[in-house]
Chemist: 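Got a structure here, written out as structure tokens. Questions coming.
Below, all heavy atoms of this structure are taken into account, side chains as well, without hydrogens, waters or symmetry copies.
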Amino acid sequence: MTGLGLSITRRIVEAMSGTFGVVSTPGAGSRFWIRLPLRRSPEVKVLPPEPLSLSAAPLKTLRPCIVLVVEDNDVNRFVIKKMLQSQGCSVTEASDGRQGVSLAAGRCFDLIFMDISMPGMDGLQACEAIRAGTGASRESAIVGLTAHALPEEHRRYLAAGMNACLVKPLRRADLERALDIHGKASPRSGVAPFVASANDNRGSIVDRETFDELSEILTAPVMQTKISKFGTDLETGLDDVDTALRRHDHHAAGERAHALSGAAAFFGATRLRSLLLEIERHCRDGSTVEALDAHARTVVQVPLTMDALNTLSTPGERSAD
């Protein structure tokens with residue numbers, strides 16, 4: 001204690017009608033003491049604290065993973081990013097397979113979500129390149145994203161080195177499960193791969209569960225902007241499919257139909273998605289006539305789908321069957 005501190009202490013003690021002193025022994029140290037004339041306070045009943053109830057507002061479980069999303073469709077990529085960020089994840093985006101491989105080489109991600117069908121380097125090629133390389137994310141978990149629900153396709157994805165496969169449209173529960181199981185797990189950790197199947201209600205124009213989940217992520221203005229862009233993409237994309245089919249370019253037509261089906265899945269446009277996947281299937285088989293027939297039915301379905309999406313995005317509207 002300094003001299004200034006002693007002076008201040010003495011003044012405070014004297015102001016309270018107390019006494020202040022010191023006992024000092026050379027070579028041993030000093031002991032300072034104070035005496036204050038304090039009165040005993042009346043007995044106060046101390047109440048136990050009330051228990052804290054969390055039933056009204058349960059705590060949200062966050063999954064703070066470092067995630068890479070590789071997806072060529074900007075609408076799909078935006079939605080996946082928002083879903084992951086709502087879980088506390090840090091998200092890096094790649095718009096194609098080559099960019100995904102490059103980013104995975106330079107940084108160790110906890111988890112990589114990889115779209116299967118992308119132009120140039122597809123998801124399987126990107127996954128194999130990551131696994132075969134020496135990059136930072138070689139051992140990271142990779143979850144495939146696909147519009148295909150066939151078991152043999154899923155087995156092929158897992159054999160290529162993927163840890164799991166999610167079928168579009170993505171459900172929030174499936175995404176959370178992937179984070180819980182694979183968020184910190186590596187391909188060598190012994191965690192069994194899993195496949196989450198889509199709940200594809202083909203009887204309705206728009207699947208309400210999918211659309212409602214999307215509405216929880218996007219604000220109304222953003223939702224309307226995305227729906228408008230989806231409508232524009234459908235118009236130009238189906239023109240591209242028609243042109244490619246009339247040139248007998250089944251590969252280009254199939255790729256374009258697949259890209260559109262992925263976007264349709266994210267909005268829950270199940271009937272439209274089914275037709276687009278039918279086009280893609282006929283393109284794989286080289287069946288031009290059947291693909292053109294499916295294309296014609298898809299064109300008829302587009303305005304019905306857009307009307308349903310616009311109705312659902314309008315506050316107060318609740319049905320689209």
Side-chain angles (χ1 to χ4, degrees), residues 70-73 75-76 96-98 114-129 143-162 164-170 195-207 210 230 233-305:
V70 187
E71 164 67 69
D72 63 307
N73 185 284
V75 174
N76 299 359
D96 57 55
R98 294 190 187 281
M114 179 78 70
D115 185 36
I116 299 296
S117 298
M118 294 182 287
M121 176 181 281
D122 65 24
L124 289 183
Q125 294 169 328
C127 176
E128 290 169 348
V143 175
L145 306 175
T146 181
H148 297 295
L150 298 176
E152 57 267 28
E153 292 288 336
H154 297 165
R155 286 192 290 269
R156 187 164 65 94
Y157 304 155
L158 298 175
M162 293 185 171
C165 181
L166 300 181
V167 181
K168 301 174 183 176
L170 289 185
V195 175
S197 299
N199 178 19
D200 190 357
N201 181 7
R202 300 190 184 191
S204 60
I205 296 176
V206 175
D207 176 52
T210 300
F230 177 51
D233 290 345
L234 281 172
E235 183 177 352
T236 58
L238 287 173
D239 284 346
D240 292 343
V241 170
D242 182 69
T243 300
L245 285 174
R246 295 185 188 284
R247 293 199 313 261
H248 299 284
D249 187 348
H250 298 106
H251 178 74
E255 278 198 342
R256 200 72 175 96
H258 181 85
L260 293 172
S261 73
F266 270 88
F267 285 105
T270 53
R271 202 176 295 175
L272 180 64
R273 172 178 176 263
S274 178
L275 288 167
L276 288 163
L277 290 176
E278 184 180 343
I279 295 174
E280 183 188 7
R281 185 171 65 254
H282 290 314
C283 287
R284 282 203 305 269
D285 295 339
S287 305
T288 304
V289 174
E290 288 82 356
L292 284 170
D293 175 70
H295 175 273
R297 286 181 281 120
T298 303
V299 171
V300 172
Q301 182 61 43
V302 168
L304 301 176
T305 299

Chemist: I want to check something: taking the side chain as every heavy atom from C-beta on, are Asp242 and Leu292 in contact at a cut-off of under 4.5 Å?
Modeler: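 Yes, their side chains come closer than 4.5 Å.
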Chemist: First locate atom CE of Met118, then atom CG of Leu124, and finally report the distance between them rounded to the nearest 0.5 Å.
Modeler: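 Met118 CE to Leu124 CG: 9.0 Å, rounded to 0.5 Å.
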Chemist: Let me see the working for Leu272 and Leu234 under side chain to side chain contact (heavy atoms under 4.5 Å, CB included), right down to the final yes or no.
Modeler: CA-CA 10 Å; Leu272 180 64; Leu234 281 172; 3.8 Å; yes
Chemist: Backbone N or O of Ser204 within a donor-acceptor pair of the Thr270 side chain at under 3.5 Å?
Modeler: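 It does hold such a pair.
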Chemist: Begin with the C-alpha distance, continue with both residues' side-chain angles, and end with the deciding distance and a verdict on side chain to side chain contact (heavy atoms under 4.5 Å, CB included) for Thr298 and Leu238.
Modeler: CA-CA 8 Å; Thr298 303; Leu238 287 173; 3.9 Å; yes
Chemist: Which heavy atom of Phe266 sits nearest a heavy atom of Thr210, and at what distance?
Modeler: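 So the two residues come closest at O-CG2, 3.6 Å.
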Chemist: Could you check whether any side-chain heavy atom of Met121 comes within less than 4.5 Å of a side-chain heavy atom of Asp96, counting everything from C-beta outward?
Modeler: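 Side-chain contact under 4.5 Å: no.
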Chemist: Which atoms form the tightest heavy-atom contact between Ser117 and Asp72, and what is the distance?
Modeler: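 Nearest pair, atom of Ser117 first, then Asp72: O-OD1, 3.6 Å.
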Chemist: Please step through side chain to side chain contact (heavy atoms under 4.5 Å, CB included) for the pair Glu235 and Val302, ending with a clear verdict.
Modeler: CA-CA 9 Å; Glu235 183 177 352; Val302 168; over 6 Å; no
Chemist: Roughly how far, to the nearest 0.5 Å, is CG of Leu276 from NE2 of His295?
Modeler: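 If we round to the nearest 0.5 Å, His295:NE2 and Leu276:CG are 9.0 Å apart.
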Chemist: Roughly how far apart are His248 NE2 and Cys283 SG, rounded to 0.5 Å?
Modeler: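 Rounded to the nearest 0.5 Å, the NE2-SG separation comes out at 12.0 Å.
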Chemist: Looking at side-chain heavy atoms only, is the closest gap between Met114 and Val143 below 4.5 Å?
Modeler: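 No. Closest side-chain heavy atoms not under 4.5 Å.
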Chemist: State the CG-NE2 distance between Leu166 and His154, to the nearest 0.5 angstrom.
Modeler: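 With rounding to 0.5 Å, CG (Leu166) is 9.5 Å from NE2 (His154).
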Chemist: About how many Å separate CZ of Arg273 and OG1 of Thr305, when rounded to the nearest 0.5 Å?
Modeler: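 Here the interatomic distance stands at 13.0 Å.
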Chemist: When Asp240 is tested against each of Arg246, Arg247, Arg256 for salt bridge (Lys or Arg N to Asp or Glu O under 4.0 Å), which residue passes?
Modeler: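 That would be Arg256; it is the only one of Arg246, Arg247, Arg256 passing the salt bridge (Lys or Arg N to Asp or Glu O under 4.0 Å) with Asp240.
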Chemist: Might you point out which heavy atoms bring Pro303 and Val299 nearest each other, and give the distance in Å?
Modeler: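 Nearest pair, atom of Pro303 first, then Val299: CD-O, 3.2 Å.
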Chemist: Looking only at non-hydrogen atoms, find the nearest pair between Ala263 and Asn73 and report the distance.
Modeler: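 Of all heavy-atom pairs spanning Ala263 and Asn73, the closest is CB-ND2, 3.8 Å.
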Chemist: When rounded to the nearest 0.5 angstrom, what distance separates CZ in Arg284 from NE2 in His251?
Modeler: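 Reported value, rounded in 0.5 Å steps: 12.5 Å.
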Chemist: Should Ile279 and Val241 count as side-chain neighbours, where that means a heavy-atom distance under 4.5 Å?
Modeler: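 Yes, their side chains come closer than 4.5 Å.
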Chemist: Counting only heavy atoms not in Arg156 (residues, nucleotides, ligands), do more than 12 fall under 6.0 Å from its CZ?
Modeler: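 Check passes, neighbour count above 12.
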Chemist: Are any of the side-chain nitrogens in Asp285 or Arg281 under 4.0 Å away from the carboxylate oxygens of its partner?
Modeler: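 So Asp285 does not pair with Arg281 through a salt bridge.
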Chemist: Side chains of Ile116 and Met162: closer than 4.5 Å at any heavy-atom pair?
Modeler: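 With C-beta onward as the side chain, the pair touches.
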